[in-house]
Student: 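Dropping the structure in here first, questions after.
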Protein chains: 2
Amino acid sequence: MVAHLSPLAERGNQAQAFLEQDAGAQPAMGSVQHFAQDREVFAQGDDADYFFKLVSGVIRTCKFLADGRRQIDAFYVAGDVFGFEPGEEHRLSAEAVTDCTMVAYRKIKADPFASTDRRWSRELLDFAMRGMTQAQNHSLLLGRRSAMEKVAGFLLDWAQRSADHRQISLAMTRQDIADYLGLTIETVSRTLSQLERDHVIALPSARQIKLCNLDQLEELAA
Amino acid sequence: MVAHLSPLAERGNQAQAFLEQDAGAQPAMGSVQHFAQDREVFAQGDDADYFFKLVSGVIRTCKFLADGRRQIDAFYVAGDVFGFEPGEEHRLSAEAVTDCTMVAYRKIKADPFASTDRRWSRELLDFAMRGMTQAQNHSLLLGRRSAMEKVAGFLLDWAQRSADHRQISLAMTRQDIADYLGLTIETVSRTLSQLERDHVIALPSARQIKLCNLDQLEELAA
DNA sequence: CGGGATTTTGATTCCAATCAAGTCCGGTGG
DNA sequence: CCACCGGACTTGATTGGAATCAAAATCCCG
């Protein structure tokens with residue numbers, strides 16, 4: 001289910017700016033929504049009536065297996081689009097890793113991706129292409145790679161997304177990282193400790209990671 | 001590099017039919033190409049000037065790591081589009097698993113995905129969406145799953161694609177399967193043998209797999 | 001048939017999972 | 001301001017599943 005629309009008075013300006021930027025570009029105008037940390041945006045199996053463009057915060061999309069295991073498919077940050085799917089229903093659930101603001105776009109039932117507007121068509125294509133690339137990179141990170149290669153790859157990936165490419169501040173827990181990399185929380189922790197011992201990274205706090213030796217980190221990511 | 005265009009006299013009819021079907025739909029008209037088994041269609045790093053729609057055969061896209069490991073990102077069958085990327089160059093290589101026939105489409109340098117044609121725009125979007133979904137499913141198949149879950153998932157995936165959903169004829173080697181699932185060839189073989197002992201599948205020959213107990217196979221895929 | 005590639009099977013090793021304590025915060029209330 | 005609580009994280013000991021190393025069997029194709 002998609003949660004109720006909140007008025008969000010305290011974020012009015014930001015939301016307004018975002019809407020204006022896209023005004024007229026899409027047939028189904030978006031509405032601004034806010035989700036607190038750990039709240040579910042949609043669940044697997046929900047009707048995929050909406051997709052979302054994240055304004056602020058971090059979102060994770062995940063799949064829950066019958067035995068309770070959780071796999072995280074992707075993390076999304078400001079500017080990313082998620083919940084954008086070809087099918088009738090969401091194949092993954094989406095949860096707020098941190099407090100999040102996003103714009104929801106309604107899909108048209110009959111033909112979800114029909115559009116008369118060239119700019120909007122093009123934007124949809126870009127969303128899909130980015131999603132494809134991200135998912136492919138994730139597959140490559142998971143297949144037959146050691147714990148060290150996975151963790152190093154993860155750090156490099158986030159380094160690129162952050163303002164200072166040598167300093168990462170993680171929004172997610174070790175458990176989130178583990179579920180994204182197909183490892184256990186203990187292995188993620190041990191691997192980070194190993195990197196710290198080798199002076200490849202520094203850990204001023206658990207969620208703050210300084211990349212001290214980018215070259216070596218890239219070596220380790222293979 | 002993209003190989004030279006071959007006249008392909010012996011397949012003229014098939015190719016002609018395919019082109020006519022799409023005639024006028026795309027701004028850059030496609031040219032038919034043929035690749036023999038194990039030939040490279042493009043390599044990682046090549047200019048992504050073309051993308052391809054497969055008419056017949058099976059293609060694998062893969063990434064080679066510095067130490068010689070190979071990861072297969074995806075297999076493509078007739079009707080699938082591959083080599084369709086946002087960037088300037090191919091991030092993966094593509095090779096013919098079997099003899100293949102395909103249509104190559106040239107991208108326009110300035111704006112690779114600009115299009116005045118609504119039907120063609122829509123088709124590009126569908127390609128990207130399918131690619132995204134396939135890559136996401138692959139990620140989910142790789143993350144923290146046992147060898148048995150991976151192999152069972154792989155079999156179910158191919159069962160869906162084949163005409164008879166209870167009989168698969170594999171175009172690829174065990175090595176290909178292993179590189180796709182992030183396992184070794186020995187583990188793939190052992191797992192298939194295990195499934196045969198348990199009467200979940202039958203292996204009349206190495207490349208022919210009969211699914212004897214679909215329900216149990218779905219159980220095992222978790 | 002013969003020969004090479006592909007696949008299967010077997011023995012052993014090793015990396016990451018599991019099981020099990022600790023430790024380190026960040027927040028809360030005394 | 002500090003003691004304490006609980007969740008997040010780290011570290012240690014052991015186990016287990018898949019990799020590796022090694023060899024045999026099978027399948028194709030000429």
Side-chain angles (χ1 to χ4, degrees), chain A residues 37-38 58 60 65 67-72 97-98 141-155 168-198 201-209 220 222, chain B residues 36-38 60 65 67-71 97-99 141-155 168-198 201-209 220 222:
Chain A
Q37 190 171 2
D38 292 323
V58 178
R60 61 175 172 250
L65 303 184
D67 61 3
R69 276 176 301 175
R70 181 185 68 161
Q71 291 185 245
I72 293 182
V97 174
T98 64
L141 195 58
L142 291 177
R144 200 126 140 56
R145 291 177 110 97
S146 67
M148 182 56 82
E149 289 170 336
K150 289 177 179 179
V151 171
F154 177 82
L155 293 178
I168 309 171
S169 79
L170 295 174
M172 71 288 292
T173 66
R174 296 286 188 270
Q175 187 65 63
D176 285 333
I177 299 172
D179 290 345
Y180 179 73
L181 295 177
L183 298 171
T184 58
I185 187 175
E186 293 96 331
T187 298
V188 170
S189 183
R190 269 186 253 276
T191 306
L192 287 170
S193 299
Q194 181 64 51
L195 285 170
E196 190 180 29
R197 270 195 298 281
D198 298 347
I201 64 172
L203 290 163
S205 78
R207 306 286 186 100
Q208 288 294 322
I209 301 182
L220 291 167
Chain B
Q37 187 171 1
D38 292 322
R60 61 175 173 252
L65 302 184
D67 61 2
R69 277 176 299 176
R70 183 186 67 163
Q71 291 185 245
V97 175
T98 63
D99 288 8
L141 194 59
L142 291 178
R144 203 127 139 55
R145 293 176 107 97
S146 67
M148 182 56 83
E149 288 170 337
K150 289 176 178 179
V151 170
F154 177 81
L155 293 177
I168 308 172
S169 79
L170 295 174
M172 71 288 290
T173 65
R174 295 286 187 271
Q175 186 65 61
D176 286 332
I177 299 172
D179 290 344
Y180 179 74
L181 295 177
L183 298 171
T184 58
I185 187 175
E186 294 96 330
T187 300
V188 170
S189 183
R190 269 186 254 276
T191 306
L192 288 170
S193 298
Q194 182 64 50
L195 285 169
E196 190 179 30
R197 271 195 297 282
D198 298 346
I201 64 172
L203 290 163
S205 78
R207 307 287 185 97
Q208 288 294 322
I209 302 181
L220 291 168

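Computed from a prediction, not measured in an experiment: that's the story for all the values here. Below, chain A is the first sequence line, B the second, and so on; all start at residue 1.
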Student: Take atom CD1 of Ile209(A) and atom C1' of dA8(D), then tell me their distance rounded to the nearest Å.
Tutor: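 One finds 14 Å between C1' of dA8(D) and CD1 of Ile209(A), rounded.
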
Student: Rounding to a whole Å, what distance do you find between Leu183(B):CG and dT7(C):P?
Tutor: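 Taking CG of Leu183(B) and P of dT7(C), I get 15 Å after rounding.
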
Student: Output the single nucleotide from dA16(C), dT10(D), dC28(D) whose closest atom is nearest the side chain of Ser146(A).
Tutor: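 Out of dA16(C), dT10(D), dC28(D), the nucleotide with an atom closest to Ser146(A)'s side chain is dA16(C).
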
Student: Which nucleotide in the list dT10(D), dA16(C), dA19(D) gets nearest to the side chain of Thr184(B)?
Tutor: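 In terms of side-chain proximity for Thr184(B), the closest of dT10(D), dA16(C), dA19(D) is dA19(D).
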
Student: Roughly how many Å is it from CD1 in Ile185(B) to P in dA19(D), rounded to a whole number?
Tutor: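 For the pair Ile185(B) CD1 and dA19(D) P, the rounded distance is 12 Å.
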
Student: Show the nearest heavy-atom pair for residues Leu141(B) and Phe154(B), with the distance to one decimal.
Tutor: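 That would be CD2-N, 4.3 Å.
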
Student: Tell me: CD of Glu186(A) to C1' of dT15(D), nearest whole Å?
Tutor: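 Computing the Glu186(A):CD to dT15(D):C1' distance gives 13 Å.
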
Student: Report yes if at least one side-chain N or O of Thr187(A) is closer than 4.0 Å to OP1 or OP2 of dA16(C); otherwise report no.
Tutor: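 No, Thr187(A) has no side-chain N/O under 4.0 Å of OP1/OP2 on dA16(C).
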
Student: Going by atom types only, do Gln71(A) and Arg145(B) share a side-chain donor-acceptor pair under 3.5 Å?
Tutor: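 Distance-only check passes for Gln71(A) and Arg145(B).
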
Student: Is Ser193(B) close enough to dT9(C) that one of its side-chain N or O atoms is under 4.0 Å from OP1 or OP2 there?
Tutor: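 Checking dT9(C) against Ser193(B), a side-chain N or O does come within under 4.0 Å of OP1 or OP2.
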
Student: Kindly say whether, by distance alone, the side chain of Gln175(A) makes a donor-acceptor pair under 3.5 Å with the base of dC9(D)?
Tutor: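 When only heavy-atom distances are counted, Gln175(A) does not reach the base of dC9(D) through any donor-acceptor pair under 3.5 Å.
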
Student: Are any of the side-chain nitrogens in Arg174(A) or Asp179(A) under 4.0 Å away from the carboxylate oxygens of its partner?
Tutor: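 Salt bridge absent between Arg174(A) and Asp179(A).
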
Student: With nearest nucleotide decided by heavy atoms, which residue, Ala147(A) or Ala206(A), maps closer to the 5′ end of DNA chain C?
Tutor: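 Mapping each residue to its closest nucleotide by heavy atoms, the 5'-most match is Ala147(A).
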
Student: Gln208(B) has an atom CD; how far is it from atom C1' of dT7(C), in whole Å?
Tutor: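 Whole-Å distance recorded here is 15 Å.
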
Student: Does Met172(B) or Arg145(A) map to a spot on DNA chain C nearer the 5' end, using the closest nucleotide for each?
Tutor: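 Nearest nucleotide further toward 5': that of Met172(B).
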
Student: Establish, with yes or no, whether the OP1 or OP2 oxygen of dT11(D) is under 4.0 angstrom from a side-chain nitrogen or oxygen of Arg190(A).
Tutor: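 Arg190(A) to dT11(D) OP1/OP2: no side-chain N or O under 4.0 Å.
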
Student: Does Glu149(A) come within less than 4.0 Å of Arg69(B), counting only side-chain N to carboxylate O?
Tutor: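 Yes, this pair counts.
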
Student: I want to check one thing: is the phosphate of dT7(C), taken as OP1 and OP2, less than 4.0 Å away from some side-chain N or O of Arg207(B)?
Tutor: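 So the side-chain polar atoms of Arg207(B) do come within 4.0 Å of the phosphate oxygens OP1 or OP2 of dT7(C), strictly under.
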
Student: Between Thr187(B) (side chain) and Leu183(B) (backbone), is there a donor-acceptor pair under 3.5 Å?
Tutor: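 Looks like no, no N/O pair under 3.5 Å.
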
Student: Is Ser189(A) touching bases, backbone alone, or none of the nucleic acid, heavy atoms closer than 4.0 Å?
Tutor: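 The answer is base, as Ser189(A) lies within the cut-off (heavy atoms under 4.0 Å) of a base atom.
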
Student: Roughly, in whole Å, what's the span from CD in Glu196(A) to P in dC9(D)?
Tutor: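 These atoms are roughly 14 Å apart.
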
Student: Starting at CG of Asp179(B) and ending at P of dT7(C), how long is that distance when rounded to a whole Å?
Tutor: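 Rounding to the nearest Å, CG of Asp179(B) and P of dT7(C) are 12 Å apart.
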
Student: What is the distance, rounded to the nearest whole Å, between atom CG of Leu203(B) and atom P of dA25(D)?
Tutor: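 Going from Leu203(B) (CG) to dA25(D) (P), I get 19 Å.
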
Student: Please state whether the phosphate of dT18(C), meaning OP1 or OP2, lies under 4.0 angstrom from any side-chain nitrogen or oxygen of Arg144(B).
Tutor: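 So the side chain of Arg144(B) is within the cut-off, an N or O lying under 4.0 Å from OP1 or OP2 of dT18(C).
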
